[in-house]
Each structure stands twice: as C-alpha cells, then as structure tokens.
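Below: one structure, written as structure tokens.
The model shown is predicted, which means the values in this text are computed figures rather than measured ones. Only heavy atoms go into these numbers, but all of them, side chains included; no hydrogens, no water, no symmetry mates.
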Amino acid sequence: MDEHSVDVLIVDAANVVGSVPDGWWRDRRGAAERLRDRLAARGTGEEIVLVVEGAAKGVESVPGVRVDAAPGSGDDRIVELVAAYAERGGGGGVVVVTADRALRERVGSYGARCVGPRTVRPAD
C-alpha cells in the first residue's frame with residue numbers, strides 16, 4: 001500500500017469489480033468471489049472488509065476477508081463502517097478502496113484515506 005499504518009482496508013466491491021471490463025456483469029457474484037480471493041491472498045495483516053451489494057450478496061467470508069453484505073446501498077454501508085471505526089478512535093488507520101468521488105468525500109470527513117481500485121486489482 002504505502003508507508004502509512006493501515007488497520008482496516010474497506011473495499012467497495014462493486015466499484016473495484018467494475019473497474020476492469022472483464023465480463024463481470026455476466027456473473028457479479030463470481031466476480032466478487034474472485035476479488036475476495038485475491039484480497040485473501042494478500043496476507044498483509046490488516047483487517048480486510050469487502051462490502052458487497054445487490055447480485056453479489058451471498059458471497060461468504062473467508063479467512064483474512066470479512067464480507068459485509070450491505071442491506072441497501074453499498075456506499076452507505078461503507079460510510080457506516082468508517083464512522084464506526086472513527087468513533088472507536090481508528091479513523092486514521094482506515095483505508096477505503098474506491099474510485100467513487102462522492103464516497104471518497106463522505107469517508108474522508110471521518111479521517112479515512114482512499115486509494116483507487118488498482119491498488120488491489122491491477123488491470124488484467
């Protein structure tokens with residue numbers, strides 16, 4: 001990632017999966033599972049939360065990656081998670097993976113840093 005401390009990495013699954021036009025739209029759940037598995041293989045030690053929504057709901061957590069199925073908007077759920085970490089005093093160690101500008105602004109107000117999708121999913 002970079003030299004900053006990362007306590008939790010929150011990944012916007014829809015945004016990251018949608019960043020590479022590889023046919024993900026034909027199997028949204030399968031695409032989210034492949035992303036989850038790629039994240040699990042990182043083994044960098046930080047807590048990883050993959051936020052899924054819509055057709056990707058039902059993706060299970062695996063060792064190293066907790067999958068959080070948003071009851072509604074994935075963006076709203078990500079903001080809730082970031083706010084909860086900030087409330088516990090961990091806002092500075094939260095990194096959100098998304099290219100969504102509005103979401104970046106919303107989580108930035110809680111002290112979270114943002115990085116782009118290529119951080120966890122290089123263009124294949």
Exercise. Is the closest side-chain heavy-atom distance between Arg104 and Thr98 below 4.5 Å?
Worked result: yes
Exercise. CZ of Arg66 to CD1 of Ile48: how many Å apart, nearest 0.5 Å?
Worked result: 11.5 Å
Can you list, pair by pair, the side-chain donor-acceptor contacts under 3.5 Å of residues 51-64, counting residues two or more places apart and other chains?
{"unit_1": "Glu53", "atom_1": "OE1", "unit_2": "Gly74", "atom_2": "N", "d": "3.1"}
{"unit_1": "Lys57", "atom_1": "NZ", "unit_2": "Ala70", "atom_2": "O", "d": "2.9"}
{"unit_1": "Ser61", "atom_1": "OG", "unit_2": "Val67", "atom_2": "N", "d": "2.8"}

For this session: State, to 0.1 Å, how close Arg36 and Leu50 come at their nearest heavy-atom pair, and which atoms those are.
Result: CB-CD2, 3.7 Å
Exercise. How close do Val82 and Tyr110 get, heavy atom to heavy atom, and via which atoms?
Worked result: CG1-CB, 3.6 Å
For this session: Could you list all the salt bridge (Lys or Arg N to Asp or Glu O under 4.0 Å) pairs where at least one residue sits in residues 72-83, not counting sequence neighbours?
Result: Asp68-Arg77, Asp76-Arg106, Arg77-Glu80
For this session: Please name the residue in the list Thr119, Leu39, Val97 that meets the side-chain contact (heavy atoms from CB on, under 4.5 Å) test with Val16.
Result: Val97
Problem set entry | Intermediate values then yes/no, salt bridge (Lys or Arg N to Asp or Glu O under 4.0 Å), Arg29 and Glu33 | CA-CA 6 Å; Arg29 183 175 173 174; Glu33 288 171 340; 3.5 Å; yes
Exercise. Does the side chain of Tyr85 reach to within under 4.5 Å of the side chain of Ile10, using non-hydrogen atoms?
Worked result: yes
Problem set entry | Shortest non-hydrogen contact between Val17 and Ala31, atoms and distance | CG1-CB, 3.5 Å
Problem set entry | Minimum heavy-atom distance Asp100-Leu103, with the two atoms named | OD1-N, 2.9 Å
For this session: Could you check if a side-chain atom of Val65 sits within less than 4.5 angstrom of a side-chain atom of Val11, using non-hydrogen atoms only?
Result: no
